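First comes the structure, then the notes that go with it.
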Amino acid sequence: MKNHTKQYINGEWVDSASGETIDVINPATGEAFGKIANGNAEDVDKAVEAAHDVYIEFRNTPVEERCAMLDRIVTEYEKRKDDLIEAITDELGSPIDKSEKVHYQMGLNHFAAARDALDTFQFEEQRGDNLIVKEAIGVSGLITPWNFPTNQTSLKLSAAFAAGSPVVLKPSEETPFAAVILAEIFDKAGVPKGVFNLVNGDGGGVGNPLSEHPKVRMMSFTGSGATGSKIMEKASVDFKKVSLELGGKSPLIILDDSDVKEAASLAVQKVVHNTGQVCTAGTRTIIPASMKDEFLSAVKEEMTNVKVGDPRTEGTQMGPLISKKQYDTVQSYINKGVEEGATLYHGGTDHPQGLDKGFYVKPTVFSDVENKMTIAQEEIFGPVMSVITYNDLDEAIEIANDTKYGLAGYVFGEDMETLKKVARSIEAGTVEINGAKGGSDLPFGGYKQSGIGREWGDFGIDEFLEVKSIKGYFK
Ligand code: NAD
């Protein structure tokens, strides 16, 4: 058993106030494999006080010092590569290969990107006789979900450290061990006492008191809309700044000049990656009506070839879902799709054959989906594709934007002018043309109900800063 029942507060591992613990489940077996502390308001208060005690000193550190600190973090992070991969594979059920190439790497990229952004980041600007100063906002509460344990935490932590804001992190209680390793990394890297604090626990016990603590000046949250709105409500009492990265129901528009096999391959990747537990998953596949039969059969072939299985087996492409709760949610959406009249074209409910233990599901495709159906409007957070047809490009764009979300969009085809036109028309924070990969220096965030604010690189640093005008500074 992997037990980490202490909290990291003011540079030390200390007992948690309640003495209670939470079991952490391995989704591949459905069994507990470790415990973490079930923190409470007392732990939160200690952590916030520790951060508050150092916020002015940390704000005033020279940029070069924060650069050096981020450099040391990168070095220590790389040393813990194997441990991070192990932890993510066990707690998330991510295939081991993806734990390395996606999860481990994304965390590293964020620390490196924040470090690079500091090289050119303008904290001060002269305008006439006056000075504009960007300075660290102060104590920041970070609350993260389970689907990308190192990515979600590292992107917030790297930005806050680069800005000079101390933090209290509450990671998801379902994937806490990667964050424990991050705490060990920061400890080794000499992050000053009080600048980083980790309080493990659940939303009610830790997330709530953190969101309403009067000495917290900013809440940065990634997770579901329902939780985001609760945090915003608490934060509104004393007007804390909020940065929210929420859900999505992203469209993939396939143009009529596409290679059907390549389009199908991309569409399948967009729904099976991380077992569909991706806020930017491209789960609404919008295709020309004329391409329907050919596209569906190419998708079926691709889906059949997706290797679902034990995350530790070499070659596994899709592991289990995170939890029994998530498994049940996905089952109920599949049933809902059938009830509302979509055609269950591939996959379906229940476990894949031979994978009865753990929270495995079948990659699933619905055809004849109308965009108003529940499966096309709500975020399923599982490997379920909804195929929707269009007759002309304007209709495709209309369908793409007919959603309360606006996190991401995808377009695939040959004609660059059409691809660009579609990319500009999709109402979303990130649009990807032909599967292009962007760097961690690009802003990330959502339109509409997908969130407030932008993260990653220099945009992420800006979130943890206040802006001050000093008039007459150069007189
Ligand atoms: P969740 O909202 O249930 O939980 C997220 C975090 O909030 C967890 O740490 C949880 O303990 C905490 N929390 C729960 N209740 C709380 C409360 N009342 N006050 C404060 N904190 C509370 O989300 P989840 O199930 O962990 O993650 C899945 C969701 O996250 C999906 O909707 C997904 O789209 C979204 N997500 C968004 C992004 C993005 O960048 N936009 C990225 C990943 C995931």
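Computed from a predicted model, the values in this text were never measured in an experiment. Start at 1 with the first residue, then count along the sequence.
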Steps toward salt bridge (charged side-chain N to carboxylate O under 4.0 Å, His left out) verdict (D350, K362): CA-CA 7 Å; D350 297 330; K362 299 172 188 165; 5.2 Å; no

Parallel, tilted or perpendicular: rings of F161 and F186 (30°, 60°): perpendicular

Ring centre gap for H351 and F359 strictly below 6.0 Å: no

Among Q326, K325, K324, the one residue meeting side chain to side chain contact (heavy atoms under 4.5 Å, CB included) with D328: K324

Residues K261, E301; criterion salt bridge (charged side-chain N to carboxylate O under 4.0 Å, His left out); working and verdict: CA-CA 9 Å; K261 273 195 184 315; E301 199 182 323; 3.7 Å; yes

Side-chain donor-acceptor contact under 3.5 Å, N200 with Y8: no

D441 side chain to W456 backbone, donor-acceptor under 3.5 Å: no

Residues T329, S332; criterion side-chain hydrogen bond (donor to acceptor under 3.5 Å, both in side chains); working and verdict: CA-CA 5 Å; T329 302; S332 76; 5.7 Å; no

H346 side, atom NE2; M385 side, atom CE - distance, nearest 0.5 Å: 9.5 Å

Closest heavy-atom pair and its distance - P443, T430: O-OG1, 4.1 Å

W13 and E184, any side-chain heavy atoms less than 4.5 Å apart: yes

Backbone N/O of G406 and side chain of S450: donor-acceptor pair under 3.5 Å: yes

Min side-chain heavy-atom separation V24-E174 under 4.5 Å: no

Side chain to side chain, I397 and I426, heavy atoms closer than 4.5 Å: no

Closest heavy-atom pair and its distance - N401, E427: OD1-N, 2.9 Å

S386 side chain to R284 backbone, donor-acceptor under 3.5 Å: no

Check: G282 main-chain N/O paired with S250 side-chain donor or acceptor under 3.5 Å: no

Distance-minimising heavy-atom pair for G382 and V330: CA-CG2, 3.9 Å

Lys/Arg cation over aromatic F177: K2, 6.0 Å, 45° cone: yes

Nearest non-hydrogen partners of L255 and P288, listed with the distance: C-CG, 4.1 Å

Donor on one side chain, acceptor on other, T316 and T313, under 3.5 Å: no

Greater than 12 external heavy atoms within 6.0 Å of M106's CE: yes

Sidechain-backbone polar pair: N40 side chain, E42 backbone, donor-acceptor under 3.5 Å: yes

Whether N147 side chain and Q277 backbone form a donor-acceptor pair below 3.5 Å: yes

L244 side chain reached by M232 side chain, heavy atoms, under 4.5 Å: yes

Any residue meeting side-chain contact (heavy atoms from CB on, under 4.5 Å) with E76, in chain and number order, not counting sequence neighbours: K79, I185, K188, A189

Q105 versus N109, side-chain donor and acceptor atoms under 3.5 Å: yes

Distance-minimising heavy-atom pair for I253 and A400: CD1-CB, 3.8 Å

pair P171-T144: side-chain heavy atoms closer than 4.5 Å: yes

Atom CD of E233 with >12 non-hydrogen neighbours under 6.0 angstrom: no

L70 side, atom CG; L157 side, atom CG - distance, nearest 0.5 Å: 10.5 Å

Full working for salt bridge (charged side-chain N to carboxylate O under 4.0 Å, His left out) between D83 and R80: CA-CA 5 Å; D83 298 332; R80 298 298 299 273; 2.7 Å; yes

Student check: side-chain heavy atoms of P176 and H4 closer than 4.5 Å: no

Salt bridge E212-K240, side-chain N to carboxylate O under 4.0 Å: no

Pair S16, D43: side-chain N/O donor-acceptor within cut-off below 3.5 Å: yes

Euclidean distance, I380 CD1 relative to Q377 CD, rounded to 0.5 Å: 11.0 Å

Test applied, side-chain hydrogen bond (donor to acceptor under 3.5 Å, both in side chains); reference residue, N151; option that passes from K156, H103, H110: H110

F459, CZ: over 12 other non-hydrogen atoms inside 6.0 angstrom: no

Ring center gap for Y104 and Y77 short of 6.0 angstrom: yes

Point-to-point distance, once rounded to the nearest 0.5 Å, from CD1 of I85 to CG of D97: 9.5 Å

Axial cation check for Y345 ring with K300, 6.0 Å and 45° limits: yes

Presence of salt bridge, K307 and E314, under 4.0 angstrom: no

side-chain contact (heavy atoms from CB on, under 4.5 Å) evaluation trace for T285 with I388: CA-CA 6 Å; T285 313; I388 305 168; over 6 Å; no

Main-chain N/O of A50 paired with N10 side-chain donor or acceptor, under 3.5 Å: no

Criterion salt bridge (charged side-chain N to carboxylate O under 4.0 Å, His left out) on E463 and R454, from CA distance to verdict: CA-CA 7 Å; E463 292 284 316; R454 291 293 179 271; over 6 Å; no

Any donor-acceptor N/O pair, T403 side chain to Y405 backbone, under 3.5 Å: yes

Reported CD1-to-CZ distance for the pair I231 and F221, which is rounded to 0.5 angstrom: 4.5 Å

Nearest non-hydrogen partners of Y360 and A28, listed with the distance: OH-CB, 3.6 Å

Rounded distance (nearest 0.5 Å) linking atom CG of L344 with atom CG of D368: 11.5 Å

Evaluation steps, side-chain hydrogen bond (donor to acceptor under 3.5 Å, both in side chains), between E455 and S243: CA-CA 9 Å; E455 300 195 286; S243 166; 4.6 Å; no

K81 and E86 ion-paired at < 4.0 Å: no

F33 vs I25, side-chain contact (heavy atoms from CB on, under 4.5 Å): CA-CA, chis, key distance, verdict: CA-CA 6 Å; F33 74 105; I25 311 292; 5.8 Å; no

Backbone N/O of G348 and side chain of T364: donor-acceptor pair under 3.5 Å: yes

Backbone N/O of I143 and side chain of K170: donor-acceptor pair under 3.5 Å: no

Polar contact flag, side-chain donor to acceptor under 3.5 angstrom, T89-S94: no

